[in-house]
Visitor: 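Sending over a structure as structure tokens; questions will come in a sec.
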Amino acid sequence: MVDDPDTTLYPAGLKLSGRRVVVLGGGRVAQRRIPSLLDAGAVVHVISPAVTPVVEGYARTGEIIWVPRGYRPGDLEGAWYVVVATDDKVANEAASTEAEALRVFCVRSDDALAATAWTPAVGRHGSLTVAVLGGRDPRRSVSVRDSVMTRIRDGEIAAPKDRERRAGVVLVGAGPGDPDLITVAGRRALQEADVVVTDRLAPQRLLDELSPEVEVVDATKLPRGRAASQEALNELIVERALAGKSVVRLKGGDPFVFGRGFEEALACARAGVACRVVPGVTSATSVPGLAGVPVTHRGVAHDFVVASGHLAPGHPDSLVDWAALGRMRGTLVLLMAIENLEPIAASLVAGGRSPETAVAVVQDGSLASERRLFATLGTVSEALAENAVHPPAVVVVGEVVEVARRLAATS
Ligand code: SAH
């Protein structure tokens, strides 16, 4: 039952591309409305004696036209849509009256009932737009919009795939393991995928959300040794993409941090397959961060180095200058270093780093099974053995660990 014709709106999606839209006012409301008007391609004229620095920025880059004065009758000439958002009630009224006379729809931040259009709470997911008008209570529309968008992103509400999507490969960083730590773009790519190629570090729960017709390939099950399986993997993603599929290569952390992601990007390039990257939250900074260890801290560490420990110091293929890392003063973050931590710690000490330097080891960061261990460069190998630490784990070496421990001890 519709009970109030004044608050029962007729929803429509406006095509504003290339069309003049007048925004009266340059404050917070105007600032919030401008980005989506620009996304829609509107030619935005902001009329206001003063504007926020953000709005001024739009004017400087030529994205909007700023007329630095108050409203004058006639300003709405040629406009398709008007946003009235000044704190001058008289000007708002006058502009509103002009809009009415010109039959231009007009939103008003000061008086929704006097407006002829209302701004919905908007969410976008690919080419899908969700717009919610919640009666006179904007918080209601925002909260409904948020819960609908969360469900769409989590796959609880099916948003059938965009038919215009292109075949190709998307290298998606899945984050350190907690499925909440994938990016919004990563989740969207997953939902639009025909094929998902995953590995050990990619969160299982993200795969559980995929619809049944999506082909899931476990990269660790591809045949033969490590080098050969990377070859097979490259071939597989290229072959599926050439067959017209949208392929997501889901990788732990960030695809380009020790993830061999770029080898896959190169394989795509060689085969003429479109490939794009959705960066991820790397374990190198997030796993320490979740354990309360900042990789930099003012006055303590102004540099951090991330190194792979998968080859022991002295290994002929190692490209890491362990002696130089021993001389550094800032934070050293080691990935894939658990198996070689004893010779690594020894090399760092030999290079000059004090055996008293604090070390944190975080296993299974962001997962329910997360474990943290604190030691020093001199004691860490023994501590690892005693505590049966196993990969995946991140090792952080440096004074930031000490600072974090001091904070933890006082709280
Ligand atoms: N591309 C990944 C790193 C791949 S190398 C990223 O950006 O995070 C694999 C190494 O990452 C593991 O050996 C471990 O050192 C680290 N790692 C990844 N996920 C981890 C987690 N949840 N907890 C601890 N270490 C993790």
Side-chain angles (χ1 to χ4, degrees), residues 169-183 185-186 189 197-207 218-220 226-227 229-230 233 248-266 277-295 304-312 315 317-320 325 331-345 359-375 380-381 383-384 387-398 401 404:
V169 173
V170 194
L171 298 174
V172 176
D178 177 342
D180 280 358
L181 292 176
I182 191 171
T183 64
V197 183
T198 167
D199 58 35
R200 213 163 16 93
L201 287 176
Q204 186 58 41
R205 215 176 80 206
L206 292 174
L207 306 176
D218 182 348
T220 57
R226 286 191 74 191
S229 66
Q230 184 67 46
L233 189 72
V248 163
R249 173 70 176 108
L250 190 64
K251 301 172 92 64
D254 181 89
F256 289 167
V257 177
F258 305 134
R260 306 193 68 172
F262 207 68
E263 291 171 51
E264 290 159 30
L266 288 172
V277 180
V278 177
V281 174
T282 180
S283 63
T285 50
S286 65
V287 167
L290 290 166
V293 179
V295 292
F304 69 98
V305 170
V306 182
S308 163
H310 84 290
L311 297 177
H315 188 287
D317 294 337
S318 173
L319 298 176
V320 179
L325 295 185
T331 309
L332 175 59
V333 179
L334 300 166
L335 304 192
M336 298 185 279
I338 294 305
E339 258 115 57
N340 293 323
L341 202 56
E342 192 170 347
I344 288 173
V359 176
V361 181
V362 186
Q363 175 192 311
D364 293 340
S366 84
L367 303 173
S369 51
E370 179 179 304
R371 291 169 66 206
R372 301 168 189 177
L373 185 150
F374 294 92
V380 69
S381 313
L384 282 193
N387 292 280
V389 173
H390 61 73
V394 170
V395 179
V396 189
V397 180
V401 174

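We count ligands from 1, going down the list as the structure has it; atoms in each ligand are counted the same way. Basis for what follows: all heavy atoms, side chains included, without hydrogens, waters or symmetry-related copies.
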Visitor: Tell me every residue that passes side-chain contact (heavy atoms from CB on, under 4.5 Å) with Asn387, counting only those two or more places apart in sequence or in another chain.
Guide: Arg371, Leu373, Ala383, Val389

Visitor: Where the side chain of Ser366 meets the backbone of Asp178, is there a donor-acceptor pair that is under 3.5 Å apart?
Guide: yes

Visitor: What does the 4.0 Å heavy-atom contact list look like for ligand 1?
Guide: Pro176, Leu201, Gly252, Gly253, Asp254, Val257, Phe258, Thr282, Ser283, Val287, Leu335, Met336, Val362, Asp364, Gly365, Pro392, Ala393, Val394

Visitor: Does any non-hydrogen side-chain atom of Val395 lie less than 4.5 Å from one of Ile338?
Guide: yes

Visitor: Which residue in the set Asp199, Ile182, Val197 passes side-chain contact (heavy atoms from CB on, under 4.5 Å) when paired with Leu250?
Guide: Ile182

Visitor: Shortest non-hydrogen contact from Arg372 to Leu290?
Guide: NH2-O, 3.2 Å

Visitor: Within the distance-only criterion (no hydrogens, no angle test), does the side chain of Asp364 pair as donor or acceptor with the backbone N or O of Glu370 below 3.5 angstrom?
Guide: no

